[in-house]
Undergrad: 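Take a look at this one; I'll ask things after.
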Amino acid sequence: MLDISMFREHSDVIRADHDRRGLTHESIDEVIRLDEEWRSTRYNADQLRKARNEAARSIAEAKKSGDSSAADAILAEVADIGAQIDKLAEHSDECLEQRDALRMRIPNILHAEVPIGEDDQKNTLHSMHGEKVELGFEPRNHNDLIEMNGWVDQARGAKVAGSRFYFMQGDLARLEMALQQYGADFLRGRGYTLVQPPLMMNRDAYEGVTDLADFETVMYGIEPDNYYLIATSEHPLTAMRMDEIIEPSELPIRLVGVSVCFRREVGAHGLSDRGIWRVHQFTKVEQIVICHPDDSWGHHEELLGNAVDLWDSLGLHYRVVNICTGDMGTVAARKYDLEAWLPGVGDYKEVVSCSNCTDYQANRLRMRYRTTEGNETVHTLNSTAIATSRALVAILEQNQMKDGRVGVPEALRPYMDGQETLEPLH
RNA sequence: GCAGACGUCGCUUAGCCUGGUAGAGCGCCGGAUUUGAAAUCCGGUGUCCUUGUGACUCGGGAGUUCAAAUCUCUCCGUCUGCGCCA
C-alpha cells in the first residue's frame, strides 16, 4: 500500500507509474476524491465533538458547584449532538474504508530500470551463470527420472490427498533435506538468523503482505479457525514485526526462514506440469531483509548476490532476468528471477524470485523505525534461496546420467553421508 | 477443554471498586550547566486533521451515558492452576 501522502502531494508519480504499467488513472482519482471527502467530513465531526466536549466539561463544573438546573439547561442544548456526530462519523468511516480498500489495490511504484512489457516474454537478460552440460545422450525430463527411480509416488499422493500432492521417498527425500540444511547453513554463514515461522497466519497479518487476489487463487483457508496456510515463509517473517516501532540499531534485520509452503495453484493445468515442478506443497529456504529506506536497493543486490553464490555453489547452470512491468505484480518495486536450465524441457524456468517491496508491505503492516523527527516506514525485501522442489528438478535434469541415476552436487554430499549419486528406490 | 488473574504511551507501571482533562518512573531527543563526561535542572517524546482553547487514543468490536481507561456484553491474546498430550 502506498503512503497516503503520495496521493496528496505526488500523485503525478503514481500517474506516471500507471502509464508505464498501461493502467488508467481512475482508481487514483477515486482515492484522492475519497480522501478529500473523508477529511472534510472528519473535520465537521471533529467540530461537533469539540462542542460536545465543552458541554460535558460545563456540566461537570455545574454539578461540582451544585447547580443542577444549569447542568440540565446545558444538557438540553446538546441533546441531539450525539446523533449528528454519529451520522457524520458513519459517513467519514465509510469514506476511509473505501479509500483504503481501493488504495490496497494500487500497485507499488516501480524502479526506473524495470523494463516495460506486457508479459514474461519481455523480461530482459541480466546475466548468465555456469554452462550447459553436454550430457552426450537424449536427456530425460524430471518426471521420467522420478518415476523410473521410484523417488516420487504421485499416484498415491493423489489417492490420499489430491492431484499435485505426492510422497517423496528414498534418496530424493534425503537430497531434499540436504538442500534445506545446506541453504540455511549457507545464509547463516552470511549473518542471517534462522527462523522457523508459524505455518498459518490470521487474515489481518496476511493482508499486510500479499496481493488481495492471492486469497482466491493462492492461499488455502482453514475454515473453522479463520487461518490461512502460508504460501511462503516470506509472509510470516515479513509480518513478524507488524505494528512495531523498531529501534534503528536493530536494522537491518536479516532472516533466513525455512518452511513448508502451501499453494492452491488455481488455474494451473497441463501435461507439461507433471512431476514436482508445480505442486501444492513444497519446502523453501527464504531470505528476508527489513531495513532503512536508504539501504534497500543495496540489500536487493545483496540478496541477489546470495542467491547467485548459492546456486553457483551447487554447480548449476541458470540465468538471471529483470522482471518487466507486466510480469511484476502489485507488491514489488523491482524483481529479479533466477531461471535454471532444464535439459529435459529445453528451456530456462523460474527457480528463484528476488524482490524489493520498498515501503509497500511495511505501510500495510504499520512497521516503522524510530527517528529523532518521528517514526518512518521501513523497507522489506525477500528472495528465494532454495525452493526445494524446483531446485530438485534442476539438479535432476542437469545432473542426470545415462542410466537414470543422478549426481549429487558436491556441496550437498556432506549432508548425505558423502553419497555421490542418487540411487533408485528398492 | 475447565477455572481464575491480567492486557494503559518505546519499556515498567498508577488510575478502574466510586464514570468527569491518562499521571509517574525508565529509556530516547533537544537545551542549560561542564575543559569533556557523569550527576543535576528545564523542555520534548502515540495517531489524525483544515495546527486549534482541535479531534482521537488505554488489546479489538459493540452497548449504556451529556460524558467511558473506568460500567455492561462480546471477541482476541497473555499468565497461573487443573485436564489432555508429541
Side-chain angles (χ1 to χ4, degrees), chain A residues 1-11 31-101 103 196-208 221-228 236 239-251 253 260 290 292 359 362-378:
Chain A
M1 184 165 68
L2 298 177
D3 195 289
I4 192 64
S5 65
M6 287 292 294
F7 292 88
R8 292 177 190 162
E9 292 155 34
H10 306 290
S11 70
V31 168
I32 292 170
R33 189 189 71 74
L34 285 164
D35 184 51
E36 283 167 359
E37 190 170 341
W38 167 67
R39 286 158 81 179
S40 72
T41 312
R42 167 68 191 274
Y43 178 76
N44 292 333
D46 278 0
Q47 293 307 305
L48 287 177
R49 284 198 178 100
K50 181 182 174 186
R52 182 179 66 181
N53 289 342
E54 280 164 359
R57 262 194 294 272
S58 304
I59 290 169
E61 262 173 51
K63 286 201 171 173
K64 202 179 278 179
S65 63
D67 190 351
S68 66
S69 62
D72 289 343
I74 301 163
L75 208 155
E77 267 176 53
V78 297
D80 67 330
I81 203 167
Q84 290 180 55
I85 291 171
D86 285 349
K87 202 175 158 193
L88 284 173
E90 194 185 332
H91 184 59
S92 103
D93 287 352
E94 271 170 26
C95 289
L96 190 65
E97 203 175 300
Q98 284 176 33
R99 183 196 82 178
D100 287 342
R103 187 156 65 112
Q196 293 185 335
L199 301 184
M200 302 178 201
M201 288 170 66
N202 63 49
R203 177 91 193 193
D204 185 41
Y206 227 132
E207 281 183 356
I222 303 295
E223 247 336 309
D225 300 291
N226 290 318
Y227 292 134
Y228 292 87
M240 197 172 171
R241 298 298 195 109
M242 70 184 283
D243 286 318
E244 291 190 27
I245 295 163
I246 301 169
E247 293 298 335
S249 59
E250 277 196 82
L251 300 176
I253 298 172
V260 180
I290 298 170
H292 189 283
D359 63 357
N363 274 326
R364 286 191 191 177
L365 292 167
R366 301 165 295 275
M367 192 156 69
R368 295 161 298 170
Y369 68 98
R370 191 186 306 284
T371 79
T372 51
E373 280 86 37
N375 302 321
E376 301 287 337
T377 307
V378 296

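Chain A is the first sequence line, chain B the second, and so forth, proteins listed ahead of strands; every chain is numbered from 1.
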Undergrad: Considering only the C1' atoms, how many Å lie between B:A62 and B:C48, rounded to the nearest integer?
TA: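 Looking at atom C1' only, B:A62 and B:C48 are 23 Å apart.
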
Undergrad: Might you confirm whether atom CD of A:Glu54 has over 12 heavy atoms from other residues, nucleotides or ligands at distances under 6.0 Å?
TA: yes

Undergrad: Nearest of B:C49, B:U47, B:U50 to any side-chain atom of A:Arg8?
TA: B:C49

Undergrad: If the C1' atom of B:A3 is compared with that of B:U70, how far apart are they to the nearest Å?
TA: 26 Å

Undergrad: Using a 4.0 Å heavy-atom cut-off, does A:Asn202 contact any base of the nucleic acid, only the sugar-phosphate backbone, or nothing at all?
TA: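 Result for A:Asn202 = nothing.
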
Undergrad: Looking only at the side chain of A:Ile59 (C-beta and beyond, no hydrogens), which of the listed nucleotides B:G20, B:C49, B:U50 gets closest?
TA: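 For the A:Ile59 side chain, the nearest candidate turns out to be B:G20.
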
Undergrad: If every non-hydrogen atom of A:Pro248 is compared with every non-hydrogen atom of A:Tyr369, which pair is closest and at what distance?
TA: CG-CD1, 4.5 Å

Undergrad: Name the pairing partner of B:C26, where a pair is Watson-Crick or G-U wobble with both distances under 3.5 Å, or state none.
TA: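 Base partner found: B:G10.
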
Undergrad: Ignoring the backbone of A:Ile245, work out which of B:G10, B:A55, B:C66 is nearest its side chain.
TA: B:G10

Undergrad: Any donor and acceptor pair, going by atom type alone, linking the side chain of A:Arg103 with main-chain N or O of A:Met1 inside 3.5 Å?
TA: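 No, because the side chain of A:Arg103 does not come within donor-acceptor range (under 3.5 Å) of the backbone of A:Met1.
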
Undergrad: Taking any strand in view, what nucleotide pairs with B:C17 in a Watson-Crick or G-U wobble way, both distances under 3.5 Å?
TA: none

Undergrad: Take the protein atom CD1 of A:Ile246 and the nucleotide atom P of B:G27, then report the distance between them rounded to whole Å.
TA: 23 Å

Undergrad: For residues A:Ile81 and A:Ala51, report the shortest heavy-atom separation together with the two atoms involved.
TA: CD1-CB, 3.9 Å

Undergrad: Considering Watson-Crick and G-U wobble pairs with both distances under 3.5 Å, what does B:A5 pair with?
TA: B:U78

Undergrad: With rounding to whole Å, what would you report as the distance between B:C58 and B:G19 at their C1' atoms?
TA: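 Pairwise C1' distance, B:C58 against B:G19, rounds to 15 Å.
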
Undergrad: Would you call A:Asp46-A:Lys50 a salt bridge at under 4.0 Å N-O?
TA: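 Result for this pair is no, no salt bridge flagged.
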
Undergrad: Between B:G30 and B:G52, how many Å separate the two P atoms, rounded to a whole number?
TA: 27 Å

Undergrad: Could you tell me how far B:C16 sits from B:C11 if I compare only their C1' atoms? Round to whole Å.
TA: 22 Å

Undergrad: B:U53 phosphate, OP1 or OP2: any side-chain N/O from A:Asn53 under 4.0 angstrom?
TA: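 Indeed not, no polar side-chain atom of A:Asn53 lies that close.
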
Undergrad: For nucleotides B:A37 and B:C28, find the distance between their P atoms and express it as a whole number of Å.
TA: 15 Å

Undergrad: Taking atom P in both B:U47 and B:G10, what distance in whole Å separates the two?
TA: 8 Å

Undergrad: What nucleotide among B:A67, B:G54, B:G46 has an atom nearest to a side-chain atom of A:Ala56?
TA: B:A67

Undergrad: Could you let me know what B:C58 is paired to, Watson-Crick or G-U wobble, both distances under 3.5 Å, or none if it's on its own?
TA: none

Undergrad: By nearest heavy atom, map A:Ala51 and A:Glu247 onto RNA chain B; which one lands nearer the 5' end?
TA: A:Glu247

Undergrad: Looking for any heavy atom pair under 4.0 Å, which part of the strands does A:Arg366 touch: base, sugar-phosphate only, or nothing?
TA: nothing

Undergrad: Would you indicate what A:Arg42 reaches in the nucleic acid, counting non-hydrogen atoms under 4.0 angstrom: base, sugar-phosphate, or nothing?
TA: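 If one applies the 4.0 Å heavy-atom cut-off, A:Arg42 turns out to touch a base.
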
Undergrad: Select one nucleotide: of B:G46, B:G54, B:C49, the one nearest the side-chain heavy atoms of A:Asp46.
TA: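 Looking only at side-chain atoms, A:Asp46 lies closest to B:G54.
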
Undergrad: Please state the P separation for the pair B:U34 and B:G25 - nearest whole angstrom.
TA: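 Going atom to atom, P in each nucleotide, I get 26 Å.
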
Undergrad: Around atom CE of A:Met6, are there more than 12 heavy atoms from other residues, nucleotides or ligands closer than 6.0 Å?
TA: yes

Undergrad: Within the pair A:Arg368 and B:G46, is there a side-chain N or O less than 4.0 Å away from OP1 or OP2?
TA: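 No, because none of the side-chain N or O atoms of A:Arg368 sits under 4.0 Å from OP1 or OP2 of B:G46.
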
Undergrad: In the structure shown, which nucleotide is the Watson-Crick or G-U wobble counterpart of B:A67, with both distances under 3.5 Å?
TA: none

Undergrad: Would you sort out whether A:His91 and A:Glu37 count as a side-chain contact (heavy atoms from CB on, under 4.5 Å), showing the intermediate values?
TA: CA-CA 9 Å; A:His91 184 59; A:Glu37 190 170 341; 2.5 Å; yes

Undergrad: Is A:Ser58 touching bases, backbone alone, or none of the nucleic acid, heavy atoms closer than 4.0 Å?
TA: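 Since no nucleic acid heavy atom lies under 4.0 Å of A:Ser58, the category is nothing.
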
Undergrad: Paired with B:A37: which nucleotide, if any, by Watson-Crick or G-U wobble criteria at under 3.5 Å for both distances?
TA: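 Partner of B:A37: none found under 3.5 Å.
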
